[in-house]
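If you read the sequence from its start, that first residue is 1, and numbering goes on from there.
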Amino acid sequence: TGTLRIIDLAAGSGSNFRALAPLLAGEQSWSLVDHDSALLAAQSREIASWAQAAGWRCEYDGGVISVRSAAARWRAQPQQLDLAQALHALDLSAFDAVTTTAFLDLVSAEWIERFCDQLVRAQRPLLATLSVDDFYFLARCTLVKDERFFDRFDQVFGDYIQGKLTAFEEILGEIPM
């Protein structure tokens, strides 16, 4: 199989990339779309800090940041785009998946209809959450099968979001899934 191509809409500082890249198998190429130039500028800093805390190597090449873990390489490229005005400019069929967090509750019903039409035409999956909290609750209720392990999951999730991946790897095997 080839490189998994993912587009993250309203990517902000790249939190979806940081949360999902290690959970997805293999090589990945992410397009991190946001309108805010300050958030786009923060992406490389946040990703580099996160990767360094996990002990992974980072490289910059022409505006693209690459993170190398022991298992794979994940590339993230910032893209500035006003999604409210230029949704039509996105070719979702160029990607294997679409993600977004804390964005869809900010757009109009008409915008969502146009977006859904594009997703259907492109036949691409969408992972959309309203916030990191929503992502946490979704992950908790789908991954943890025994409520005795909720506290352990909470610890792992908090450590993971903060970039303490070693704690995640150590405890993950102890959570029945």
Side-chain angles (χ1 to χ4, degrees), residues 1-37 39-44 46-47 50-51 56 58-69 71-143 157 160-161 165 168 172 177:
T1 66
T3 300
L4 182 62
R5 300 159 303 155
I6 302 168
I7 185 169
D8 186 24
L9 305 180
S13 64
S15 60
N16 272 347
F17 173 83
R18 295 189 313 273
L20 297 174
L23 300 177
L24 301 171
E27 304 285 313
Q28 301 163 37
S29 180
W30 288 68
S31 181
L32 305 180
V33 178
D34 207 286
H35 179 62
D36 188 326
S37 59
L39 288 173
L40 290 170
Q43 286 176 357
S44 61
E46 292 292 324
I47 291 170
W50 162 78
W56 298 322
C58 278
E59 300 168 350
Y60 298 93
D61 183 22
V64 177
I65 184 169
S66 292
V67 177
R68 288 195 181 273
S69 74
R73 180 178 70 145
W74 313 310
R75 297 176 64 235
Q77 179 168 8
Q79 179 183 352
Q80 188 167 22
L81 184 68
D82 182 351
L83 292 166
Q85 302 300 317
L87 176 63
H88 62 280
L90 292 178
D91 178 12
L92 298 181
S93 66
F95 300 93
D96 299 305
V98 180
T99 66
T100 189
T101 295
F103 176 59
L104 296 181
D105 55 331
L106 303 176
V107 297
S108 68
E110 178 189 352
W111 189 95
I112 290 177
E113 283 184 37
R114 291 192 326 264
F115 177 58
C116 288
D117 287 343
Q118 281 185 258
L119 279 172
V120 168
R121 280 194 309 277
Q123 297 182 347
R124 296 300 183 253
L126 168 68
L127 172 64
T129 59
L130 296 179
S131 67
V132 171
D133 290 340
D134 291 335
F135 177 69
Y136 156 78
F137 286 115
L138 175 66
R140 188 180 196 214
C141 74
T142 58
L143 295 176
F157 190 87
Y160 182 73
I161 293 298
L165 192 61
F168 181 81
L172 183 61
M177 294 190 194

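Between Ser29 and Phe95, the closest side-chain pair of non-hydrogen atoms is not below 4.5 Å. Counting heavy atoms from C-beta outward, Leu32 and Ile47 have side chains that approach closer than 4.5 Å. Side-chain atoms of Leu83 and Phe115, non-hydrogen and from C-beta on, never get closer than 4.5 Å to each other. The side-chain heavy atoms of Leu87 and Gln118, taken from C-beta on, include a pair separated by under 4.5 Å.
The backbone N or O of Gly12 lies less than 3.5 Å from a partner atom in the side chain of Asp34, making a donor-acceptor pair. Judged by distance alone, the side chain of Asp61 and the main-chain N or O of Val64 form no donor-acceptor pair under 3.5 Å. Under the 3.5 Å distance criterion, the side-chain polar atoms of Arg5 are left unmatched by any main-chain donor or acceptor of Gln28. In this structure a side-chain-to-backbone donor-acceptor pair under 3.5 Å is missing from Arg73 to Arg68. Within the 3.5 Å criterion, the main-chain N or O of Asn16 finds no donor-acceptor partner in the side chain of Arg18.
Rounded to the nearest 0.5 Å, atoms CG (Leu92) and CD (Gln123) are 12.5 Å apart. Distance check: Leu90 CG to Ile7 CD1 gives 4.5 Å after rounding to the nearest 0.5 Å. Rounding to the nearest 0.5 Å places CG of Leu104 at 5.5 Å from CD1 of Ile112. Residue Leu127 holds its CG atom at 6.5 Å from OG1 of Thr99, rounded to the nearest 0.5 Å. The CD1 atom of Ile6 sits 12.5 Å away from the CZ atom of Arg124 when rounded to the nearest 0.5 Å. Distance check: Cys116 SG to Leu126 CG gives 7.5 Å after rounding to the nearest 0.5 Å.
When all heavy atoms of Trp56 and Pro22 are compared, the closest pair comes out as CH2-CG, 4.0 Å. Considering every non-hydrogen atom in both Ala122 and Ser93, the closest pair reads CB-N, 3.6 Å. Of all heavy-atom pairs between Ala51 and Cys58, the closest is CB-SG, 3.4 Å. Summarising the geometry of Ser44 relative to Ile65, their closest heavy-atom pair is O-CD1, 3.7 Å, with the distance given to 0.1 Å. Across Ala10 and Thr100, no two heavy atoms sit closer than the pair CB-OG1, 4.4 Å. Between Pro78 and Gln43 the shortest heavy-atom distance is CB-OE1, 3.2 Å.
The closest side-chain donor-acceptor pair between Gln79 and Ser31 falls under 3.5 angstrom.
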Yes or no on side-chain contact (heavy atoms from CB on, under 4.5 Å) for Leu20 and Trp30, after CA distance, side-chain angles and deciding distance? CA-CA 11 Å; Leu20 297 174; Trp30 288 68; 3.9 Å; yes
Carefully, step by step, assess Thr101 and Thr129 under the rule side chain to side chain donor-acceptor pair (under 3.5 Å). CA-CA 5 Å; Thr101 295; Thr129 59; 2.9 Å; yes
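Residues Phe103 and Trp111 place their aromatic rings such that the two centres sit under 6.0 Å apart.
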